[in-house]
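Report on one structure; see the data block that follows.
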Amino acid sequence: MTDLLEQLRAAVGDAHVLTDPEDVAAYVVDWTGVHTGRALAVVRPGSTDEVAAVVRACRGARAPIVPQGGNTGLVGGGVPDGSGSQVVLSLGRMRTVRAVDPVAGTVTVDAGVVLADVQAAAEAAGRLFPMSLGSEGSCTIGGNLATNAGGTAVLRYGMTRELVLGLEVVLPDGRVWDGLRGLRKDNTGYDLTQLFVGSEGTLGVITGAVLRLFPATPRHATAWVAVPDVAAAVALLAVAQERAGAHLTTFEIANRQALDLVLAHLPGAVDPLDEPSDWYVLVELAATEADHGLDDTLEAVLGEAVETGLATDAAIAGSRAQRSALWSLREGISEVQKVEGATLKHDVTLPIADLAAWTDAMGPRLQQILPGVRPVTYGHVGDGNLHYNLNAPVGRDDDLRAAAAQLSTAIYDAVAAADGSISAEHGLGRTKAAAAASYKSDVEVDLMWAVKRALDPEGLMNPGVLVPD
Ligand code: FAD
Ligand code: MLT
Ligand code: ZN
């Protein structure tokens with residue numbers, strides 16, 4: 001192993017090979033604090049050529065590689081296992097926005113560029129990069145691509161998969177695939193770009209990307225709406241789609257339990273409505289400078305909703321500050337769940353038509369398993385995606401941990417019975433790989449393994465992640 005460390009130092013420079021436990025600490029635990037491991041070393045290459053040299057050195061020593069971006073992933077895919085034999089390859093030094101072409105509508109970036117910096121580069125060029133996540137100040141484009149991240153604008157712009165045109169990838173054998181093309185049309189064989197999207201570091205290291213830009217949408221109309229139940233939220237989605245058409249950008253749901261935690265733990269958070277409601281949706285319409293009338297459209301949507309009983313009350317943002325206050329009620333939920341205590345995360349998608357019945361049935365079933373368990377339900381209801389997260393009964397974190405497997409199995413069985421998915425947008429990581437395989441057909445599992453073995457025959461890229469050992 002000394003040989004490997006020497007080769008890594010030769011590849012990236014002494015200062016960028018970390019082995020001191022204090023230096024390594026932040027790279028071996030993720031944002032949740034739940035997923036932890038040990039690393040042989042953390043390597044921080046500064047260029048694609050350096051990434052390739054690192055991959056070749058690790059291959060020679062048969063050392064597994066764990067690619068890491070902003071380390072905000074929620075399924076334990078970006079931290080090493082407990083063996084101490086894996087090398088964390090951090091893209092943290094590769095932060096260059098290589099080119100912006102507003103006319104072609106493309107931005108070309110290093111994989112380590114933080115999402116908020118891509119958004120800012122697009123804005124500086126008078127364009128929009130629409131991906132938006134609560135973690136956008138830390139997560140990287142490489143991580144977004146590797147997890148096929150979703151977020152709060154998927155309804156209008158799609159997942160990361162739909163926002164990428166080309167990639168540069170260091171393959172497990174150390175060769176570089178240069179697919180950094182911004183072409184909108186290219187039917188010259190298998191879609192290799194899409195193969196790497198959502199591959200969670202198991203097929204290679206993404207080092208660069210060409211992403212799609214859109215017209216800027218500086219106009220917004222935003223409301224926090226009280227709705228009686230999930231069925232009403234889904235019916236309101238249809239009204240918003242009908243009246244707002246392509247302007248409908250965000251349609252997020254949160255239950256009262258989620259809002260209560262935000263009000264309890266997020267400094268400055270205020271309930272914008274007078275009366276409590278069991279459920280809420282955050283609705284946002286967005287438009288270009290030339291498009292007027294967003295406020296009227298939103299008021300028409302909400303007027304119809306109140307008249308027909310789909311909504312009981314709503315707060316409309318009248319200023320930038322009010323808009324950001326409403327958004328913080330939604331974006332703050334992940335953080336405050338952590339502050340409250342032990343959390344069990346489930347990131348599920350269901351057919352939209354089944355969301356209400358599924359949610360109504362799930363609550364009582366979980367109470368039978370762990371009386372007092374608190375579903376903190378929120379997420380991207382416009383995409384059929386619920387974060388069906390659980391907090392422990394008050395003061396009983398250990399009981400949640402003890403019942404975790406039973407609770408998750410009950411939820412995943414119910415998702416499978418409804419033809420849903422047990423991972424909508426976070427990926428599988430180490431925590432969900434086995435569960436996902438157990439719900440897939442043998443044919444699907446075989447195909448996944450065929451892809452993995454074809455690209456990474458020695459199994460050195462993020463072993464144990466996405467496809468279970
Ligand atoms: P990491 O956590 O570092 O890595 C994630 C995975 O990608 C790992 O398997 C890793 O090996 C692999 N990887 C990272 N970089 C590369 C690379 N260059 N090449 C190959 N593989 C790589 N996710 C959503 O989809 N929607 C949300 O709305 C959302 N909201 C969030 C809110 C909060 C507060 C937090 C903490 C997380 C949220 N996430 C959300 C999850 C997370 O931010 C995303 O999964 C994000 O895409 C991870 O990016 P990252 O750079 O932090 O990746
Ligand atoms: C979000 O949408 O806020 C995150 O994806 C959910 C989570 O932290 O579980
Ligand atoms: Zn989410």
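This one's a predicted model, so the numbers in the text were calculated from it and none came from an experiment. Index from 1, following the sequence. Just so you know, ligand 1 is whichever comes first in the structure, and atom 1 is the first atom listed for that ligand.
Under 4.0 Å is where a charged nitrogen must lie from a carboxylate oxygen, and between Arg430 and Asp30 no such pair does. Ion pairing between Arg374 and Glu340 holds under the 4.0 Å rule for side-chain N and carboxylate O.
The heavy-atom pair separating Thr140 from Gly112 by the smallest distance is CG2-O, 3.6 Å. The shortest heavy-atom contact between Leu195 and Val451 is CD1-CG1, 3.7 Å. The nearest pair of heavy atoms linking Thr343 to Gly341 is OG1-O, 3.1 Å. The two residues Ala286 and His220 make their nearest non-hydrogen contact at CB-CD2, 3.7 Å. Residue Tyr280 comes nearest to Ala226 through the heavy atom pair CD2-CA, 3.9 Å, listed as atom of the first residue, atom of the second, then distance. Pro172 and Leu203 make their closest contact through CD-O, 3.1 Å (heavy atoms, listed as atom of the first residue, atom of the second, distance).
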Intermediate values then yes/no, side-chain hydrogen bond (donor to acceptor under 3.5 Å, both in side chains), Asp413 and Tyr439: CA-CA 9 Å; Asp413 284 351; Tyr439 292 107; 2.6 Å; yes

Step-by-step salt bridge (charged side-chain N to carboxylate O under 4.0 Å, His left out) determination, Arg161 to Asp191: CA-CA 12 Å; Arg161 195 174 282 301; Asp191 193 333; over 6 Å; no

From CA spacing to verdict: side-chain hydrogen bond (donor to acceptor under 3.5 Å, both in side chains), Asp49, Ser47: CA-CA 5 Å; Asp49 285 346; Ser47 68; 5.4 Å; no

Derivation and outcome, side-chain hydrogen bond (donor to acceptor under 3.5 Å, both in side chains), residues Asn385 and Asp347: CA-CA 7 Å; Asn385 177 189; Asp347 163 38; 3.0 Å; yes

Worked check of salt bridge (charged side-chain N to carboxylate O under 4.0 Å, His left out) between Arg98 and Glu168: CA-CA 12 Å; Arg98 300 188 196 176; Glu168 178 187 80; 3.1 Å; yes

Worked verdict on Thr222 versus Glu284 for side-chain hydrogen bond (donor to acceptor under 3.5 Å, both in side chains): CA-CA 4 Å; Thr222 312; Glu284 184 161 278; 2.6 Å; yes

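Looking only at protein heavy atoms, the nearest one to atom 32 (C) of ligand 1 is Ser135 N, 3.7 Å. Annotation: atom 2 (O) of ligand 1 to nearest protein heavy atom, Gly73 N, 2.7 Å. Atom 12 (C) of ligand 1 has as its closest protein heavy atom Ala146 CB, 3.6 Å. Looking only at protein heavy atoms, the nearest one to atom 10 (C) of ligand 1 is Pro67 O, 3.1 Å. In terms of protein heavy-atom proximity, atom 19 (N) of ligand 1 is nearest to Ile206 N, 2.9 Å. For atom 45 (O) of ligand 1, the nearest protein heavy atom (residue, atom name, distance) is Thr147 OG1, 3.5 Å. Here the protein heavy atom with the shortest distance to atom 23 (N) of ligand 1 is His426 CD2, 3.5 Å. Among protein heavy atoms, the minimum distance from atom 53 (O) of ligand 1 is reached at Gly143 CA, 3.5 Å.
The shortest heavy-atom distance from Val205 to ligand 1 is under 4.0 Å. Ligand 1 lies less than 4.0 angstrom from a heavy atom belonging to Gly204. Residue Gly151 places a heavy atom less than 4.0 Å from ligand 1.
Note: an N/O pair closer than 3.5 Å links Asn71 and ligand 1 by distance alone. Considering both main-chain and side-chain atoms, Ser334 never comes within under 3.5 Å of ligand 1 through any nitrogen or oxygen pair. At least one N or O atom of Gly70, backbone or side chain, sits closer than 3.5 Å to an N or O atom of ligand 1. In terms of N/O distances under 3.5 Å, ligand 1 is not approached by Thr152.
Ligand-side atoms of ligand 1 in range of Leu133: 24 (C), 26 (N), 27 (C), 28 (O), range being under 4.0 angstrom from any heavy atom. Of all the atoms in ligand 1, the ones that sit under 4.0 Å from a non-hydrogen atom of Gly201 are 20 (C), 21 (N). Counting atoms of ligand 1 from 1 in the listed order, those under 4.0 Å from a heavy atom of His380 are 28 (O). Below 4.0 Å from some heavy atom of Gly142 lie the following atoms of ligand 1, by number and element: 15 (N), 16 (C), 18 (N). Distances below 4.0 Å separate heavy atoms of Thr140 from the following atoms of ligand 1: 50 (P), 51 (O). The ligand atoms of ligand 1 that sit less than 4.0 angstrom from a heavy atom of Gly77 are 8 (C), 9 (O), 10 (C), 11 (O). Using a 4.0 Å cut-off to heavy atoms of Ala149, the atoms of ligand 1 that qualify are 25 (O), 47 (O).
With Asn462 contributing its side chain and Glu200 its backbone, the two residues share a donor-acceptor pair below 3.5 Å. Using a distance-only test at 3.5 Å, with no hydrogens or angles considered, no donor-acceptor pair links the side chain of Asp419 to the main chain of Pro351. Using a distance-only test at 3.5 Å, with no hydrogens or angles considered, a donor-acceptor pair links the side chain of Lys338 to the main chain of Trp31. Judged by distance alone, with hydrogens and angles left aside, the side-chain atoms of Gln406 form no donor-acceptor pair with the main-chain N or O of Ala403 at under 3.5 Å.
Just one of His346, Gln337, Lys345, Glu425 meets the side chain to side chain donor-acceptor pair (under 3.5 Å) condition when paired with His387; it is Glu425.
Within the 4.0 Å heavy-atom criterion, both parts of Thr72, backbone and side chain, lie near ligand 1. When non-hydrogen atoms are compared, ligand 1 lies under 4.0 Å from the side chain of Asn462 (C-beta onward) but not from its backbone. No part of Glu335 comes within 4.0 Å of ligand 1, judged by heavy-atom distances. Looking at Glu331 against ligand 1, nothing comes within 4.0 Å, counting heavy atoms. Residue Leu74 touches ligand 1 through its side chain alone, judged by heavy-atom distances below 4.0 Å. Looking at Leu91 against ligand 1, only its side chain comes within 4.0 Å, counting heavy atoms.
By heavy-atom distance, the residue among Thr207, Asn144, Val154 lying nearest atom 46 (C) of ligand 1 is Asn144.
If you put the vertex on the Zn ion (ligand 3), OE2 of Glu425 and NE2 of His387 sit 90° apart, to the nearest 10°.
Other residues, nucleotides and ligands contribute over 12 non-hydrogen atoms within 6.0 Å of the CD atom of Gln367.
Aromatic rings from Tyr378 and Trp279 are positioned such that their centres are separated by 6.0 Å or more.
Listed by chain and residue number, the protein contacts of ligand 2 are Leu74, Arg330, Ser334, Lys345, Tyr378, His380, His387, Asn389, Glu425, His426 (heavy atom within 4.0 angstrom).
The Zn ion (ligand 3) has an N, O or S atom of His380 closer than 2.8 Å.
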